[in-house]
Amino acid sequence: MEVMEDMNNGEIIQRGLEDFEKVQRYMVIAKEENATRTYAELKIQYISLKALLNSLGVNMAEIDRIKE
């Protein structure tokens with residue numbers, strides 16, 4: 001992710017949600033293809049984005065399809 005110093009919380013949340021959705025899509029594909037190294041790298045991004053969104057008060061229950 002880029003440096004977000006000029007972004008407000010709404011913009012950060014929007015960007016985080018877009019990135020989170022993208023990472024989840026790629027994780028599903030990597031799991032289907034048994035791409036374990038790719039999945040592991042994506043999981044690092046997934047965890048970081050999830051932590052960011054949680055810290056900003058985003059309810060992850062509806063948007064987290066991976067549930068890890």
Side-chain angles (χ1 to χ4, degrees):
M1 284 193 311
E2 296 177 3
V3 176
M4 298 182 202
E5 58 193 39
D6 292 333
M7 298 173 79
N8 64 39
N9 277 0
E11 291 169 327
I12 294 170
I13 290 170
Q14 179 181 353
R15 179 69 159 290
L17 288 171
E18 291 167 357
D19 290 346
F20 190 72
E21 174 62 29
K22 187 186 321 179
V23 166
Q24 286 190 101
R25 281 195 319 266
Y26 291 143
M27 286 177 78
V28 168
I29 293 167
K31 188 168 240 178
E32 288 172 356
E33 295 178 345
N34 291 323
T36 55
R37 288 177 53 207
T38 301
Y39 188 89
E41 288 298 316
L42 288 165
K43 188 172 178 182
I44 293 168
Q45 291 179 340
Y46 163 86
I47 291 168
S48 295
L49 287 165
K50 190 171 181 178
L52 170 70
L53 292 168
N54 273 323
S55 73
L56 293 167
V58 175
N59 182 350
M60 303 301 289
E62 295 294 319
I63 63 170
D64 189 359
R65 294 179 294 168
I66 304 297
K67 309 287 187 204
E68 286 192 16

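Side chains included, hydrogens not; waters and symmetry mates left out as well; all remaining heavy atoms used. Quick caveat: nothing in here was measured; it's all calculated off a predicted structure.
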Worksheet item: Of all residues at least two apart in sequence or in a different chain, which pass the side-chain contact (heavy atoms from CB on, under 4.5 Å) check with Ala40?
Response: none
Discussion item. Please list all pairs meeting ring pair (Phe, Tyr, Trp, His ring centres under 6.0 Å) that have one or both residues in residues 49-68, counting only residues at least two apart or in different chains.
Written reply: none
Worksheet entry | Non-neighbouring partners of Lys22 that pass salt bridge (Lys or Arg N to Asp or Glu O under 4.0 Å), sequence neighbours left out | none
Discussion item. Once side-chain hydrogen bond (donor to acceptor under 3.5 Å, both in side chains) is applied, do any residues pair with Tyr26, and if so which ones, sequence neighbours excluded?
Written reply: none
Worksheet item: Mind checking what makes side-chain hydrogen bond (donor to acceptor under 3.5 Å, both in side chains) contact with Lys31, not counting sequence neighbours?
Response: none
Worksheet item: Are Ile12 and Arg15 close enough, and set up right, to give a side-chain contact (heavy atoms from CB on, under 4.5 Å), and what steps lead you there?
Response: CA-CA 5 Å; Ile12 294 170; Arg15 179 69 159 290; 5.9 Å; no
Worksheet item: Any ring pair (Phe, Tyr, Trp, His ring centres under 6.0 Å) pairs touching residues 48-68, not counting sequence neighbours?
Response: none
Worksheet item: Distance-only, no hydrogens or angles: does the Glu41 side chain make a donor-acceptor pair with backbone N or O of Thr38 under 3.5 Å?
Response: no
Fill in: Pair listing, ring pair (Phe, Tyr, Trp, His ring centres under 6.0 Å) test, anchored in residues 48-68, at least two apart
none
Worksheet, complete the sentence: With sequence neighbours left out, the residues meeting side-chain contact (heavy atoms from CB on, under 4.5 Å) with Gln45 are Val23, Leu42
Could you go through residues 51-65 and list every donor-acceptor pair under 3.5 Å that involves a side-chain atom there, pairing it with any protein atom two or more places apart or in another chain?
from, atom 1, to, atom 2, distance (Å)
Asn54, ND2, Lys50, O, 3.2
Ser55, OG, Leu52, O, 2.7
Asn59, OD1, Ala61, N, 2.9
Asp64, OD1, Tyr46, OH, 2.9
Asp64, OD1, Ile66, N, 3.2
Asp64, OD1, Lys67, N, 3.2
Asp64, OD2, Tyr46, OH, 2.9
Asp64, OD2, Lys50, NZ, 2.8
Arg65, NH2, Glu21, OE2, 2.8

Worksheet item: How would you list all residue pairs meeting ring pair (Phe, Tyr, Trp, His ring centres under 6.0 Å) that involve residues 47-68, not counting sequence neighbours?
Response: none
Fill in: side-chain hydrogen bond (donor to acceptor under 3.5 Å, both in side chains) partners of Arg25, counting only residues at least two apart
none
Response to the item:
Hits for side-chain contact (heavy atoms from CB on, under 4.5 Å) against Gln14, two or more places apart or cross-chain, chain-then-number order -> Glu18
